[in-house]
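The block underneath contains the structure these notes are about, expressed in C-alpha cells.
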Amino acid sequence: MLAGNILSAFTEFRDRDNLARAWRWIRSNPDPTYKRYCGGMYSRFAVADDLLLEELRQQLRREFYDPDHSCKLLLPKKSGLLRPYTILSVRDQVVFQALVNVVAERLAPRIRSRYLRQVFGHMYAGRRSRWFYKKWSDGYAAFNTAARNAFNRGLVYSASFDLTAFYDSVDHGVLCHFLADLGCDKDFCDFLRRCLTKWTANHRRIYQNHGIPQGPLSSGLLSEAVLQHFDQYYGAKAGLVYLRYVDDIRLFARREEDLRRMLVRLDHLSKDIGLFPQAAKIEIHRIKNVNEELKSISHPTEAAVRGVQVDQLQLARRLIELSPRLTPTLQIEDETRFKYLLAHAIPHSRLNQRMLTISQARPDLAAPVARYFARYRILPNRVSRELLKRVGRKELYESVTAGWAGVLQGRLRKGEADNLTRALKQRWRPRSIGSELKAVIGAHLLRERALTENQAHYATRQYVSDWWVRCQLVAALDSKQYGNAMLQRILNEGLCDSNSDVSLVAAVQIANLGTAVPSPRESINAFGAKALRQLGVFKRVTGRSCGIRWSFERFLGKSSVLNWRSVFGNTYSDAEKLAVNMRALADTNVTAFVNAADVFNDRLLSRLYQHDSTLGTYKLGSIGSVKFSTRLKQKYPAVLNLCNGIHEERLKSNLSHPVVRSTGRPTSRVPYAYLQTAKRLYLRAIKELELVWSSPGNNRP
C-alpha cells in the first residue's frame, strides 16, 4: 500500500524524504528561464542543503513556517499585454514542490491511463524518476501524431477550446475541492491555500484568493488537478477526438454539428469551476492542411539543424523565410519553429538587422533575440549602438530593457561601456522601476562603483527592494568597490534579512570575502547561520530556530535579541506553541488573538516571578491577581501594562464571558484596530525584558 494511503497528506508533505525529493526535482528542472532567474539561489542553497532542509522540516513540523511574498516579473505577450512570471524563494519552491509531490501521487492513478491518449502535457514521471515530468517534447510529438491520425481517419473538422488566463483565474476554493476529492485533508488544503494567497499577491500586496503562480515547476501539475475535470466529463463519443495539452483542448470530428455540441459541453464544464473560454479563439473550421494546424518543434527535425554540425547558412535562410516581411505589422509564419531555430543560430551580420527589427516590432520575441546577441563576445558596433539607444530611452516593457542591458554588459568596448553606465545611472530609480530592471541596473552600477555608499546601502535595504532584487544586488558586491566597513554593514544586514535567500547570499559573500560578522547570532536568519556553519565561519550554530522570536518578528515587524529559551526554560515548548498560534490569530481573528496572548502573558509572568524573587510569588493562572502589584509596577512597568492591557481586553471578549463584569453590558468581538495597541504594549515589554535577561549572571532564573 502506498504511504499516501496511510499517512495524512499534511503529514506526508512534511516528511524529510519528500522535502529532499522536492529539492532534487527543483535542481533537475529543465526550464532555462526559471534557472536563469534562480540558478544563483540554487547554488547558495546547495552549500548547506542538508542542514537547510532539516531547518525547513522543523519549521513546518513546529508550525512557524510562513511563506514569503513572491517576486513578480511582468513579461510582454504577443497581444501587447503582460504575463506575470513568479519567482519564489528556494525555501518556498521546496515547500510548493513538496506539496505538489503529494498531489501528484494521489492524482496519477486517476489520470495515468489518459497519458499520450487524451492528456499530453505535465505528465508526472513518478517518484523514482530523476525528473518530475515526462519529457515534454515526447508529449507534444504524441499530441501532433494523434491529431494527424484523427485527420487521416476522416475527422476533418476541428476546433480549439482555450481558457482565458487559466493560471491566473483558478479559484483556490475550487482547487481545494478537487484536492479534497483526491484525499488531501483539510490541514493540507488550508496550508496550500495560505501559501498560494501570498504567492499570487501582486507587489501592492492585494490578496485575490485565486491563481496559481506561473513559472515554478510545481504549478503545471497542480493545474492538472483542476483540468482533469474536463477529461473526466467531456463525454466521449464515437467519431470525435478530444486532445488536451495543458489548457489547450483540440477537438476533431466528422461533422461540424458534433463539434458545436462538444464546445457547448466544455463551456458548461468551465462554468462549473469558474473558468472562462476565450471566445475569440474558438472557431469551427474544416482542415485544409493538418500541418498548419500543428505548428510546433515536434515536427520532423529541420534540415538546417539535423546532425552534430548545424548548417548555419541554411539555418539563416530558414529564419528569413519564416519572417519574410519586416513591416510594423510583422508576422512570423511559425513562431515556435522560429524560436527553435534562433536558439541554434550563431550571430552573424546577415541576421543582425533582421533580429533588431523583429525585436522592436514584437517585444514578446525580444528575449530569444537577446539570447541570440548574447552569443557575441564583443557586440558589433551597429548592434551595440542600437541597443544602447534602446536602453537609454524609456520603453513600454521594462523586462525588454533589462534584457538589452544584460546583453550589453561585458560585451562593449571601453568607451561604449562608460556610455552604458551613464545611461543606466540615469534610469536608476529604485523606488519606481520594476524588479527585473532594478536588479539588472543596480547590480551593474554596484560593480562599476557608480553608486555612492549611501545609495548602495539604501538599495539593499529590506524596505526598498523585493527580496529577489536584494539577492542580486548583494551578490554583486565586492571589496574592490566599497570599503570593508561599508561591505560589512550591508552583508550583516543581509544576514539578518527575514528572507532566507538574502541571508544565504550574504553568508556566502561573507565567507568568500572574509568579512567579519558582528551581528548578534540570535538575530541572524537561521538559513544564513547554517550556511556560515557549513562554510566554516561559525564553529557551531543553535540547533533549532526560535519560534517565539520568529513569531514576534512577524507580528511586530522588528527583531529582538531576547533569548526566549532562557526566559521560559523547561516551559519553552509550551510557550513557543502559544506564540506561533498568537501570530497566526493576529492575521485572522483578533478576538482569539487576545485570548491566546493572555495565556502567553500568564506563562511569561510565572517565569519572571521565578527569575526575580523580590517580586514575591505567583501562581500560574492568576494573572488578574497582579493587576495592582506595586513591586511589579516599580520594577517592570512595561510588562505590567502589557499584562493588564491584554487581560482587560480579554474580559470584554465574547470568547471569554457573556457580559463585561464591570459594566454588565454584553461582550463583543475585539476590534481589528486593537492590534496596534497590542503591538505597542509588546514592543515596550520586550525591550524591558531584554535588559533583564541580558544582564551578566541573569541568563537563568
Side-chain angles (χ1 to χ4, degrees), residues 8 10-11 13-14 19 52-69 89 91-92 94-95 98-99 185-195 197-198 496 498-500 522-527 529 542-607 620 623 642-643 646 650 655 670 672 674-675 678-679 681-683 685-686 689:
S8 74
F10 196 51
T11 301
F13 144 64
R14 296 181 293 182
L19 293 173
L52 300 181
L53 288 174
E54 179 57 27
E55 170 65 25
L56 180 55
R57 187 183 76 86
Q58 289 291 338
Q59 291 183 5
L60 292 167
R61 186 179 66 81
R62 292 155 63 207
E63 298 184 4
F64 67 87
Y65 165 86
D66 196 29
D68 296 303
H69 285 97
S89 66
R91 183 188 71 135
D92 286 349
V94 172
V95 167
L99 287 162
D185 53 280
K186 187 176 186 302
D187 286 342
F188 180 94
C189 293
D190 288 348
F191 182 86
L192 174 61
R193 197 169 184 166
R194 179 161 64 89
C195 292
T197 298
K198 267 200 169 181
C496 302
S498 63
N499 180 270
S500 57
E522 293 81 4
S523 63
I524 295 176
N525 186 300
F527 281 69
T542 304
R544 292 164 51 135
S545 298
C546 176
I548 301 179
R549 175 178 294 110
W550 174 87
S551 298
F552 278 112
E553 284 180 3
R554 292 299 174 109
F555 175 51
L556 302 175
K558 292 188 177 181
S559 59
S560 165
V561 296
L562 187 59
N563 188 335
W564 289 103
R565 295 184 190 277
S566 293
V567 171
F568 285 103
N570 59 8
T571 65
Y572 171 82
S573 179
D574 293 329
E576 183 185 61
K577 292 175 184 175
L578 284 169
V580 171
N581 190 41
M582 280 170 55
R583 191 222 52 92
L585 290 171
D587 289 343
T588 57
N589 188 332
V590 180
T591 304
F593 158 79
V594 167
N595 284 51
D598 195 51
V599 178
F600 179 86
N601 294 347
D602 191 9
R603 287 196 173 276
L604 180 62
L605 275 179
S606 176
R607 292 295 293 175
L620 192 66
I623 193 169
L642 167 67
C643 295
I646 295 289
R650 186 187 74 82
L655 294 182
V670 176
Y672 183 80
Y674 181 72
L675 279 181
K679 288 179 182 180
L681 291 171
Y682 272 110
L683 282 168
I686 289 173
L689 290 171

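Source: prediction; values computed, not measured.
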Applying side chain to side chain contact (heavy atoms under 4.5 Å, CB included) to Ser89 and not counting sequence neighbours gives Asp68, Arg91, Asp92, Trp467, Asn499, Asp501
So which atom in Asn581 and which in Ala596 form the shortest heavy-atom distance, rounded to 0.1 Å? ND2-CB, 4.3 Å
Please report the shortest heavy-atom distance between Ile646 and Asp598, naming the atom on each side. CG2-N, 3.6 Å
My understanding is that only residues two or more places apart in sequence, or in another chain, count here; which of them pass side chain to side chain contact (heavy atoms under 4.5 Å, CB included) with Lys186? Asp190
Ser498: which residues meet the side-chain hydrogen bond (donor to acceptor under 3.5 Å, both in side chains) condition with it, sequence neighbours left out? Gln462
Please walk me through it: do Glu576 and Phe64 pass side chain to side chain contact (heavy atoms under 4.5 Å, CB included)? CA-CA 9 Å; Glu576 183 185 61; Phe64 67 87; 4.1 Å; yes
Partners passing side-chain hydrogen bond (donor to acceptor under 3.5 Å, both in side chains) against Arg193 (at least two apart in sequence or in another chain): none
Can you see which heavy atom on Arg194 is nearest to which on Pro67, and at what distance? NH1-CD, 3.7 Å
So Val594 and Leu655, do their side chains get closer than 4.5 Å, heavy atoms only? no
Heavy-atom closest pair, residues Phe191 and Leu60: CZ-CD2, 3.7 Å
Could you give me the CA-CA distance, side-chain angles and deciding distance for Ile686 and Leu556, then say whether side chain to side chain contact (heavy atoms under 4.5 Å, CB included) is met? CA-CA 11 Å; Ile686 289 173; Leu556 302 175; 3.8 Å; yes
Which of Leu578, Val567, Ile623 passes side-chain contact (heavy atoms from CB on, under 4.5 Å) with Leu604? Answer is Val567
Ser606 (side chain) donor-acceptor with Leu620 (main chain) under 3.5 angstrom: no
Taking NZ in Lys577 as the centre, count heavy atoms belonging to other residues, nucleotides or ligands within less than 6.0 Å. Is the count above 12? no
Supply the atom-to-atom distance Glu55 CD to Asn525 CG, rounded to the nearest 0.5 angstrom. 8.0 Å
Locate the shortest heavy-atom distance separating Gly547 from Tyr572; write the atom from each residue and the value. N-OH, 3.2 Å
ring-ring contact (aromatic ring centres under 6.0 Å, His included) contacts touching residues 588-607 (sequence neighbours left out): Phe552-Phe600, Phe555-Phe593, Phe568-Phe600
Strictly by salt bridge (charged side-chain N to carboxylate O under 4.0 Å, His left out), give each pair with a member in residues 545-560 just once, sequence neighbours left out. Asp66-Arg554
Nearest 0.5 angstrom please: Glu63 CD to Gln58 CD, how far? 12.5 Å
I need the Met582 CE to Ile548 CD1 distance, nearest 0.5 Å. 9.5 Å
Kindly determine whether Arg62 and Arg57 satisfy side chain to side chain contact (heavy atoms under 4.5 Å, CB included), including the steps that lead there. CA-CA 8 Å; Arg62 292 155 63 207; Arg57 187 183 76 86; over 6 Å; no
Measure the OG-CG distance between Ser560 and Leu689 for me, rounded to the nearest 0.5 Å. 9.0 Å
With side chains defined as the heavy atoms from C-beta onward, is the minimum distance between Tyr682 and Asn601 less than 4.5 Å? yes
Check step by step if side chain to side chain donor-acceptor pair (under 3.5 Å) holds for Tyr672 and Asn589. CA-CA 8 Å; Tyr672 183 80; Asn589 188 332; over 6 Å; no
Going through the checks in order, is the side chain to side chain contact (heavy atoms under 4.5 Å, CB included) test met by Asp187 and Ser8? CA-CA 9 Å; Asp187 286 342; Ser8 74; over 6 Å; no
Please round to the nearest 0.5 Å and tell me the distance separating atom CG of Leu585 and atom CG of Leu675. 10.5 Å
With distance as the sole test, does Asp185 use its side chain to make a donor-acceptor pair with the main-chain N or O of Phe10 at under 3.5 Å? yes
So how far is it from Leu56 CG to Arg61 CZ, rounded to the nearest 0.5 Å? 12.5 Å
